[in-house]
Amino acid sequence: MARIRYGPRSDTEIKAAREAAARLPDIWSTGVTALWETDPDAVAAVLPPPLEPPARPLVRAAVSTVALRGYPLGAGSVAVAARHDGRDGWYPLVMPMTHERALTGGREVFGEPKKLGEVVIEREGATLRARLSRHGIDFLAVRGTVSGALPLPPESERLDFYFKFLPGVDGTGFDAAPVLVHCTRTERVRRLEAVTGEVVLRESAYDPVADLPVLRPAGITFGERAGTQHGRVVARVPAEALLPYIHQRYDDAHQILDGPPEGSTQ
């Protein structure tokens, strides 16, 4: 009988897949990173407990492209600075990806708020344009001029905070207590250039980053980066603390928060 592909994989196949993943070469991305100071009250408002507001209300936007295992991938992120247990890090609010493959691991393993979207970087000489789009709306755009090379920074670590959870099947909460994940990213840079330009935020009901206005620009760079990441669960989070923020993850929160009609068997 021909192999049934939905059937179980053998221990040998599972081991081979893990070993192949461990031997992956460095994957270098090319992209734009923009930082700005925003309204501290807005940052505090988007942070679910136990995350706390930072000393400096920063927003970090990243727009990058990478050749991932032979096909191009666009990856974006908009995150606010945050603190937990005395450690500074970033809390991403939205992470557009151009392919489903890039969604699965980060979203299901780490709890990353990844969604399908459009990620574009265009460079013509010194002129640079980048944007993040969903539902036909360019909710974030960076435009400017590459103005010169910068010294390469040493290898560094960045901490990201994620909440991993499964909405309850009855639509009233979660199937189990949500967890807070610390994800540590080790990053290397092999090219870095300064950009003189601006960040433009546009209104979107689906990705309302316009609520985090650019009050003081804190720098834009263009470069090539590679890195690795590992995560760990650091805390269980009470459902009632996270439930008011669940809409951050979904375009239509009613789809998650509304339970089945009374008496329904579905």
Side-chain angles (χ1 to χ4, degrees), residues 29-47 51-65 74-84 87-96 112-113 117 119-123 126-133 138-162 183-202 204 207-227 229 248:
S29 65
T30 300
V32 179
T33 302
L35 294 170
W36 66 90
E37 287 191 21
T38 192
D39 182 347
D41 292 336
V43 172
V46 302
L47 296 176
L51 299 185
E52 299 175 342
R56 188 182 182 194
L58 284 175
V59 183
R60 179 183 187 271
V63 186
S64 62
T65 58
S77 174
V78 180
V80 296
R83 288 178 59 82
H84 176 251
R87 300 186 64 186
D88 291 309
W90 297 93
Y91 175 58
L93 294 166
V94 60
M95 300 176 71
E112 295 173 339
V119 180
V120 176
I121 299 176
E122 300 170 320
R123 180 173 178 178
T127 301
L128 183 67
R129 294 181 294 272
R131 58 184 172 88
L132 300 177
S133 306
D138 296 344
F139 64 88
L140 180 141
V142 181
R143 55 196 184 200
T145 302
V146 179
S147 52
L150 294 170
L152 296 183
E155 182 175 286
S156 62
E157 286 191 349
R158 186 180 83 238
L159 179 63
D160 285 344
F161 304 122
Y162 301 119
C183 182
T184 302
R185 301 176 185 274
T186 302
E187 187 177 81
R188 300 183 304 282
V189 180
R190 69 180 183 186
R191 180 164 65 99
L192 193 64
E193 297 173 282
V195 176
T196 302
E198 62 176 345
V199 176
V200 178
L201 306 178
R202 295 187 174 92
S204 170
D207 305 288
V209 297
D211 291 348
L212 302 165
V214 181
L215 300 184
R216 281 173 293 278
I220 304 174
T221 59
F222 179 74
E224 294 182 48
R225 297 174 168 84
Q229 68 181 45
Q248 295 176 345

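Counting begins at 1 with the first residue of the sequence. Excluded from the calculations below are hydrogen atoms, water molecules and symmetry mates; all remaining heavy atoms, backbone and side chain alike, are included.
- Under the 4.5 Å side-chain criterion, counting only non-hydrogen atoms from C-beta, L140 is not in contact with R131.
- Rounding to the nearest 0.5 angstrom, the gap separating the CZ atom in R60 from the CG atom in L35 is 7.0 Å.
- Between the CZ atom of R87 and the CD atom of E52 there is a distance of 14.0 Å, given to the nearest 0.5 Å.
- Among residues two or more places apart in sequence or in another chain, the side chain to side chain contact (heavy atoms under 4.5 Å, CB included) test is passed with V209 by V78, V94, F139, L201.
- Pairing each heavy atom of P57 with each of V43, the nearest pair is CB-CG2, 4.0 Å.
- Looking at heavy atoms from C-beta onward, T221 lies out of side-chain contact with V195 at the 4.5 angstrom threshold.
- For the pair A44 and P53, the tightest heavy-atom approach, listed with the atom from each and the gap, is CB-CG, 3.7 Å.
- To the nearest 0.5 Å, atoms CZ (R83) and CG (L51) are separated by 11.5 Å.
- Residues M95 and S77 come closest through the heavy atom pair CG-OG, 4.1 Å.
- Side-chain contact check for V120 versus R129: every heavy-atom pair is 4.5 Å or farther apart.
- Residues R191 and T30 are in side-chain contact: their nearest non-hydrogen atoms beyond the backbone lie under 4.5 Å apart.
- In this structure, S64 contributes its side chain and A75 its backbone to a donor-acceptor pair below 3.5 Å.
- In this structure a side-chain-to-backbone donor-acceptor pair under 3.5 Å is missing from T186 to G227.
- Annotation for R143: atom CZ does not count as buried by contact number, only 12 or fewer foreign heavy atoms lying within 6.0 Å.
- With contacts defined as side-chain heavy-atom distances shorter than 4.5 Å, the pair V32/I220 qualifies.
- Here the CZ atom belonging to R202 is positioned 13.5 Å from the CG atom belonging to D207, to the nearest 0.5 angstrom.
- Here the CD atom belonging to E198 is positioned 11.5 Å from the OG1 atom belonging to T196, to the nearest 0.5 angstrom.
- The two residues T33 and R225 have their closest heavy-atom pair at OG1-NH1, 3.8 Å.
- For the pair W36 (side chain) and L212 (backbone), a donor-acceptor distance under 3.5 Å is present.
- Judged as a salt bridge (Lys or Arg N to Asp or Glu O under 4.0 Å), and not counting sequence neighbours, the contacts of R185 are E112, D160.
- What you find for P92 and A79 is that their closest heavy atoms are CA-CB, 3.5 Å.
- The shortest distance between side-chain heavy atoms of I121 and L128 falls below 4.5 Å.
- Taking CD of E187 as the reference point, atom OG of S29 lies at 7.5 Å (rounded to 0.5 Å).
- Side-chain contact between P153 and L192 is present, with heavy atoms from C-beta onward closer than 4.5 Å.
- Minimum interatomic distance between L58 and A218 (heavy atoms only, all atoms of both residues): CD2-CB, 4.2 Å.
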